[in-house]
Amino acid sequence: MEATYLWAKALHIVFVTSWFAGLFYLPRIFVNLAMVDAGPTRTSTAAERERLLLMARKLYRFMLPLSVLALVLGLWLWLGVGIGKARPDGPPVGWMHAKLLIVLLLVGYHHGCGVLLRKFERGENTRSHVWFRWFNEAPVLLLLVAVILVVVKPF
């Protein structure tokens with residue numbers, strides 16, 4: 001059991017890290033897309049827009065299986081192994097409830113990125129590159145809180 005637990009934990013960390021790489025970079029592509037003129041007035045602008053859309057599509061498709069694997073392994077560690085479950089002689093596990101909230105917010109953020117990507121594809125984006133720069137900071141803050149919750153277990 002110990003070896004299986006360690007493998008699952010290691011793979012969970014790898015998949016979470018990989019998923020976050022996508023969550024960090026996809027909104028950065030959105031910043032660049034928002035800066036490109038949506039209309040095909042210049043060939044280079046239209047080509048740049050299509051290249052950025054292609055990158056965003058591929059990254060989003062790549063992120064999905066990473067997120068699913070991270071979530072499945074996380075659920076197994078929580079429900080199967082018992083990480084974060086209350087024990088009569090153990091410390092409080094309020095941190096796990098807060099972390100699960102962070103995970104739900106990240107799944108929503110991931111989904112929101114998909115919605116934004118589809119808007120870019122249809123030429124319906126109404127947000128500025130400044131908005132996307134702020135939007136890009138959300139996963140950084142969520143990662144910070146999640147790591148603090150898991151490592152420090154403040155409550």
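Ring orientation note: the planes of Phe135 and Trp131 are close to parallel, at an angle under 30° on the 30°/60° scale. Taking the six-membered ring where the residue is Trp, Trp19 and His110 present tilted rings, their angle falling between 30° and 60°.
Residue Met63 is grouped with residue Leu11 when hydrophobic side chains (ILVMFWY) are merged at heavy-atom distances under 4.5 angstrom, including chains of intermediate members. Taking hydrophobic clusters as Ile, Leu, Val, Met, Phe, Trp and Tyr residues chained together by side-chain heavy-atom distances below 4.5 Å, Leu104 does not share a cluster with Leu143. A continuous path of ILVMFWY side-chain contacts below 4.5 Å connects Phe24 to Tyr60, so both sit in one hydrophobic cluster. When hydrophobic clusters are built by joining Ile, Leu, Val, Met, Phe, Trp and Tyr residues whose side-chain heavy atoms come closer than 4.5 Å, directly or via intermediates, Leu101 is grouped together with Val147. The cluster map of Ile, Leu, Val, Met, Phe, Trp and Tyr, joined by side-chain heavy atoms under 4.5 Å apart, puts Leu79 and Val72 in different clusters.
Put simply, the side chain of Lys9 does not reach to within 4.5 Å of the side chain of His12, judged on heavy atoms. Looking only at side-chain heavy atoms (C-beta outward), Leu33 and Asn125 stay at 4.5 Å or farther from each other. Looking at heavy atoms from C-beta onward, Val107 lies in side-chain contact with Leu71 at the 4.5 angstrom threshold. Contact annotation: the side chain of Val152 never approaches that of Trp95 to less than 4.5 Å [non-hydrogen atoms, C-beta and beyond]. The side-chain heavy atoms of Leu52 and Phe30, taken from C-beta on, include no pair separated by under 4.5 Å.
Shown here is Phe62, whose CZ atom has no more than 12 heavy atoms of other residues, nucleotides or ligands within 6.0 Å.
For Arg49 against Val36, the heavy-atom pair with the smallest separation is CB-CG1, 3.8 Å. The shortest heavy-atom contact between Ile148 and Pro154 is O-CD, 4.1 Å. When every heavy atom of Leu106 is checked against every heavy atom of Phe20, the shortest pair comes out as CD1-CZ, 3.4 Å. For Phe132 against Pro27, the heavy-atom pair with the smallest separation is CB-O, 4.4 Å. Closest approach of Asn136 and Arg28 over heavy atoms only: OD1-N, 3.9 Å.
For the atom pair Leu73 CG and Phe15 CZ, the distance stands at 6.5 Å (nearest 0.5 Å). Summarising the geometry, atom CD belonging to Glu48 is positioned 11.0 Å from atom CG belonging to Leu53; distances are rounded to the nearest 0.5 Å. How far CG of Leu69 is from CG of Leu64: 9.5 Å, rounded to the nearest 0.5 Å.
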Can you give me every donor-acceptor pair (side chain of residues 111-123, partner residue at least two apart or in another chain, under 3.5 Å) with its distance?
| residue | atom | partner | partner atom | Å |
| --- | --- | --- | --- | --- |
| Arg118 | NH1 | Gly114 | O | 3.3 |
| Glu121 | OE2 | Arg57 | NE | 2.5 |
| Arg122 | NE | Glu124 | OE1 | 2.9 |
| Arg122 | NE | Glu124 | OE2 | 3.3 |
| Arg122 | NH2 | Glu124 | OE1 | 3.0 |

Should Leu26 and Tyr109 be marked as a side chain to side chain contact (heavy atoms under 4.5 Å, CB included) after you check the CA-CA gap, both sets of side-chain angles, and the distance that decides it? CA-CA 11 Å; Leu26 184 59; Tyr109 185 88; over 6 Å; no
